[in-house]
Amino acid sequence: MSQTVGRTRLAYSRTWHHVDVGTDGRSLGRLATSIALILMGKNKPIYDPSTDCGDYVVAVGCHDLRTTGKKRFQKLYYTHNTRPGSLRSMTMDKMFEKWGGGEVLRRAVRGMLPKNRLRDKRLARLKTFEGLAHPYEKNIVRFGESTPSKIGALPEVQQAFRQAKAAGPAPTVP
């Protein structure tokens, strides 16, 4: 039997997912978790930890990123350039002012990806934008002419499965 059953080029093809951070009700951590799972490819049946089979994610509206509690003013991000005395810290609020919400989201997703040589390649497939406009509009998966697919919820696909299940089992061919 062939060793490549189910591992075809189509299985490894990458799709583009769209996330509107402003209209998504989830907080930073929950949003970053779902993005990290898509970047790793855990939503695909061919997932393997040692292969890079994840998809692209376009996150728009990052200026409306939600956090809970006082994280925006108390959470610190550290940088160090390996020289003595060069440890720098910055609050999340200062990072929003300096680099925007896209960098905050990127760092949250980076922390949730596995710490291996595929991490930077996977993170490069995350595209973040402060506003709603982005150059990847043609790449995002659409079903029919409806709205773009969202991570974690594909109502068109779920509805098609429900209709197929209600129709009954498929006829068998002898």
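Being a predicted model, the structure only gives us computed values, none of them experimental.
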[Y] and [X] side chains, donor-acceptor separation under 3.5 Å:
X	Y	result
Thr67	Arg72	no
Asp48	Ser50	yes
Thr15	His17	yes

*Do Lys98 and Glu103 touch side chain to side chain, with heavy atoms closer than 4.5 Å?*
no
Under 3.5 Å, is there a donor-acceptor pair between the side chain of [X] and the main chain of [Y]?
X	Y	value
Arg66	Gly22	yes
Lys44	Cys53	yes
Glu130	Gly61	no

So how far is it from [X] [atom1] to [Y] [atom2], rounded to the nearest 0.5 Å?
X	Y	atom1	atom2	result
Thr79	Met90	OG1	CE	7.0 Å
Leu123	Leu118	CG	CG	12.5 Å
Leu113	Leu126	CG	CG	9.0 Å
Met92	Gln74	CE	CD	11.0 Å
Ile46	Thr51	CD1	OG1	6.5 Å
Leu87	Thr82	CG	OG1	12.0 Å

*asked:* Check whether Tyr77 forms a cation-pi arrangement with Lys75 (NZ or CZ under 6.0 Å from the six-membered ring centre, at most 45° off the ring normal).
replied: yes
Non-hydrogen atoms of [X] and [Y] that approach each other most closely:
X	Y	result
Asp52	Leu39	OD1-O, 4.3 Å
Leu105	Ala59	CD2-CB, 3.8 Å
His80	Ser86	CE1-OG, 3.5 Å
Pro114	Met40	CD-SD, 3.3 Å
Ala36	Met112	CB-CB, 4.0 Å
Tyr47	Gly41	CB-O, 3.5 Å

_Trace of the side-chain contact (heavy atoms from CB on, under 4.5 Å) decision for Glu137 with His134_ = CA-CA 7 Å; Glu137 195 67 40; His134 60 88; 3.3 Å; yes
*Checking side-chain contact (heavy atoms from CB on, under 4.5 Å) for the pair Ser27/Lys71: CA distance, chi angles, key distance, verdict?*
CA-CA 11 Å; Ser27 63; Lys71 285 187 195 78; over 6 Å; no
*What class does the angle between the rings of Trp16 and Tyr56 fall in, given that below 30° is parallel, 30 to 60° is tilted and above 60° is perpendicular?*
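Ring orientation, 0 to 90° scale: parallel.
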*Among Asp20, Val21, Val19, find the residue that satisfies the side-chain contact (heavy atoms from CB on, under 4.5 Å) test when tested with Cys62.*
Val21
*asked:* Whether Asp55 and Arg125 form a salt bridge (side-chain N of Lys/Arg under 4.0 Å from carboxylate O of Asp/Glu) is what I want to check.
replied: no
*Considering only NZ, NE, NH1 and NH2 on the basic side and carboxylate oxygens on the acidic side, decide whether Asp120 and Arg110 come within less than 4.0 Å.*
yes
*Begin with the C-alpha distance, continue with both residues' side-chain angles, and end with the deciding distance and a verdict on side-chain contact (heavy atoms from CB on, under 4.5 Å) for Lys127 and Arg106.*
CA-CA 9 Å; Lys127 314 295 182 185; Arg106 193 174 291 110; over 6 Å; no
*Shared ILVMFWY cluster between Phe96 and Leu31, side chains joined below 4.5 angstrom?*
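In one cluster: yes.
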*Are Leu65 and Trp99 joined in one hydrophobic group, where the rule is that I, L, V, M, F, W and Y side chains link up if heavy atoms are under 4.5 Å apart?*
yes
*Kindly check if the number of other-residue, nucleotide or ligand heavy atoms within 6.0 Å of NZ (Lys138) is above 12?*
no
*asked:* A quick test of your reading: do over 12 heavy atoms of other residues, nucleotides or ligands sit less than 6.0 Å from CZ of Arg14?
replied: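 Yes, the 6.0 Å shell around CZ holds more than 12 heavy atoms from other groups.
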